[in-house]
Amino acid sequence: MLAAACIVVVAIQAIVPGKPWYHSSSYALLVVALNALLWWRLRKLFAQGDPLALPITVAGVGALLSTVVGLSAGLLGPDTQTYAGAPGAVIPIGEPSGNLRFPSVDPTSEVPIVRFESSRGHTISVPPNRRRYVGAFVMWSAPHPVAALTAEDLHRRRVTITQPTNASFLSPVLLFSQSARIGGRMLPVDSFSLPAEQRVVKVVLFSAATLSEIRHHPTARPALLVAVEDERARMLPGAIRLLPSGERVTVGGVIIGAVIADYPQIVVAAAPDLPILLLGVAFFLAGALWYATLRSRSRS
């Protein structure tokens, strides 16, 4: 039972990855305490000359292998990181070493799939709802709302959109990497500039659920609250409008359109090295089967 508990406590890191508890001292103490009890029990069995001590030892070796990689991931592994990129962006990461390549597609037209290119030359696709294990790390794709923007002047001429405060300077896609408390709610916020029109636009994202709660009736579409400022950061008169997804509005002397859709973020978490964990599980199962066979023979 103690060997099984060791396996379960470590395997949960792979089953439910990314929890801060795995990096805490309480988790490490739990794993160490279970191992200490297991090997204390084995010493007692050997001292008594119990014939079942040998299969339990095999199971214990499996538990030890598992807990070593579990403790390594918890104590030495980095905290869980989330990486967001605009369409076409390439983001280098250190652990695991490589690049995350975000697809150059319209996030509103198809399901985008991010690819991880390791420093060793291997490429791994990270589709939605799937996990990918890379050494002592696990990564998965998490949907995140973004807004694909269009901007025109009052003569219907396309205007270039820039994002001076973001890494994706020329991208027309807002990633909403920050949040702010507005009206008692934490809401995603972002901003962009229209240099040709000398306008800066501050944006707040309202999900359909949040809008339904505010309006007290069901709302099917999310929306953006846009506030237009001039080049001196002064709010223009009447330049605040609600922009539902899929529509365009004239505000602050420009025409802004937006489509809100889900685009992937990649979450990377430390995890037990999967081959070693599986080897430990194999030792445990072999020991458990041997133990069950000896118990059955002794009863007969």
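Only a predicted model underlies this, so the values are computations on that prediction, with no experimental measurement involved.
- F206 meets the ring-ring contact (aromatic ring centres under 6.0 Å, His included) test with no other residue; sequence neighbours excluded.
- Under the rule for a salt bridge (Lys or Arg N to Asp or Glu O under 4.0 Å), the partners of R101 that lie at least two apart in sequence or sit in another chain are E117.
- I214 places a side-chain heavy atom less than 4.5 Å from the side chain of R185.
- Residues L187 and L225 share a single hydrophobic cluster, defined by chaining ILVMFWY side chains whose heavy atoms lie under 4.5 Å apart.
- V16 and Y22 get closest at one heavy-atom pair: O-OH, 2.6 Å.
- One distance of note links CG of L149 with CG of L194; it measures 9.0 Å at 0.5 Å rounding.
- Here the CD-CZ distance, from E229 to R234, works out to 10.5 Å after rounding to the nearest 0.5 Å.
- Judged by distance alone, the side chain of R158 and the main-chain N or O of T150 form no donor-acceptor pair under 3.5 Å.
- Checked options T165, V203, V201; the residue passing with S191 is T165 (criterion: side chain to side chain contact (heavy atoms under 4.5 Å, CB included)).
- Placement of I161 and L243 within a single hydrophobic cluster is found when ILVMFWY residues are connected by side-chain heavy-atom separations under 4.5 Å, directly or transitively.
- Residues Y263 and P112 meet the side-chain proximity criterion, which asks for heavy atoms closer than 4.5 Å.
- Here R132 pairs with I124, V126, P127, R130, M139 under the side chain to side chain contact (heavy atoms under 4.5 Å, CB included) rule; sequence neighbours left out.
- Contact of the L175 side chain with the Q265 side chain is not registered, since no non-hydrogen atoms from C-beta on lie closer than 4.5 Å.
- The number of heavy atoms from other shown groups lying within 6.0 Å of CZ (F283) does not exceed 12.
- In terms of modelled atom types and a separation under 3.5 Å, the side chain of S97 and the main chain of G94 share no donor-acceptor contact.
- Of the possible donor and acceptor atoms, none in the side chain of R241 sits under 3.5 Å from a partner among the backbone N and O of V249.
- Looking at heavy atoms from C-beta onward, I266 lies in side-chain contact with S141 at the 4.5 angstrom threshold.
- Considering only residues two or more places apart in sequence or on other chains, D190 meets the side-chain hydrogen bond (donor to acceptor under 3.5 Å, both in side chains) condition with N166.
- When all heavy atoms of P275 and D273 are compared, the pair lying nearest together is CD-OD1, 2.8 Å.
- Listed for the S212 side chain is a donor-acceptor partner under 3.5 Å among the backbone atoms of A208.
- Contact annotation: the side chain of V138 never approaches that of Q13 to less than 4.5 Å [non-hydrogen atoms, C-beta and beyond].
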Exercise. Step by step, would you call V268 with V134 a side chain to side chain contact (heavy atoms under 4.5 Å, CB included)?
Worked result: CA-CA 10 Å; V268 180; V134 183; over 6 Å; no
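- The hydrophobic clustering, which links ILVMFWY residues whose side-chain heavy atoms are closer than 4.5 Å, places V146 and L100 together.
- Taking W39 as the reference, nothing meets the ring-ring contact (aromatic ring centres under 6.0 Å, His included) condition, with sequence neighbours excluded.
- Looking only at side-chain heavy atoms (C-beta outward), K202 and V189 stay at 4.5 Å or farther from each other.
- Here the OH-CG distance, from Y133 to L274, works out to 6.5 Å after rounding to the nearest 0.5 Å.
- In this structure, F192 CZ and T160 OG1 are separated by 12.5 Å, a value rounded to the nearest 0.5 Å.
- For the atom pair SG (C6) and CG (L37), the distance works out to 8.5 Å, reported to the nearest 0.5 Å.
- Between L38 and A3, the shortest heavy-atom distance links the atoms CD1-N, 3.9 Å.
- One hydrophobic cluster, built from ILVMFWY side chains closer than 4.5 Å, holds both V32 and V10.
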Exercise. Checking side chain to side chain contact (heavy atoms under 4.5 Å, CB included) for the pair L224/L205: CA distance, chi angles, key distance, verdict?
Worked result: CA-CA 5 Å; L224 303 178; L205 172 63; 3.7 Å; yes
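- Without hydrogens or angle criteria, H23 side chain to G74 main chain gives a donor-acceptor distance under 3.5 Å.
- A distance-only check finds no donor-acceptor pair linking the side chain of E95 to the backbone of A136 [under 3.5 Å].
- Summarising the geometry of I12 relative to V9, their closest heavy-atom pair is CG2-O, 3.0 Å, with the distance given to 0.1 Å.
- The salt bridge (Lys or Arg N to Asp or Glu O under 4.0 Å) test applied to E197 returns no partner, not counting sequence neighbours.
- Contact record, T80 with A269: OG1-CB, 3.6 Å, taken as the closest heavy-atom pair.
- The two residues S66 and V69 have their closest heavy-atom pair at O-CG2, 3.0 Å.
- Under the 4.5 Å side-chain heavy-atom criterion for grouping Ile, Leu, Val, Met, Phe, Trp and Tyr, V8 is not connected to L65 through any hydrophobic cluster.
- Taken from CZ in R115 to OG1 in T123, the straight-line distance is 8.5 Å, to the nearest 0.5 Å.
- By the 4.5 Å heavy-atom criterion applied to side chains, W21 and L30 are counted as neighbours.
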Exercise. When you look at T57 and W290, which way does the side chain to side chain contact (heavy atoms under 4.5 Å, CB included) test go after all the steps?
Worked result: CA-CA 11 Å; T57 300; W290 189 3; over 6 Å; no
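- At least one side-chain heavy atom of P195 sits under 4.5 Å from a side-chain heavy atom of T162.
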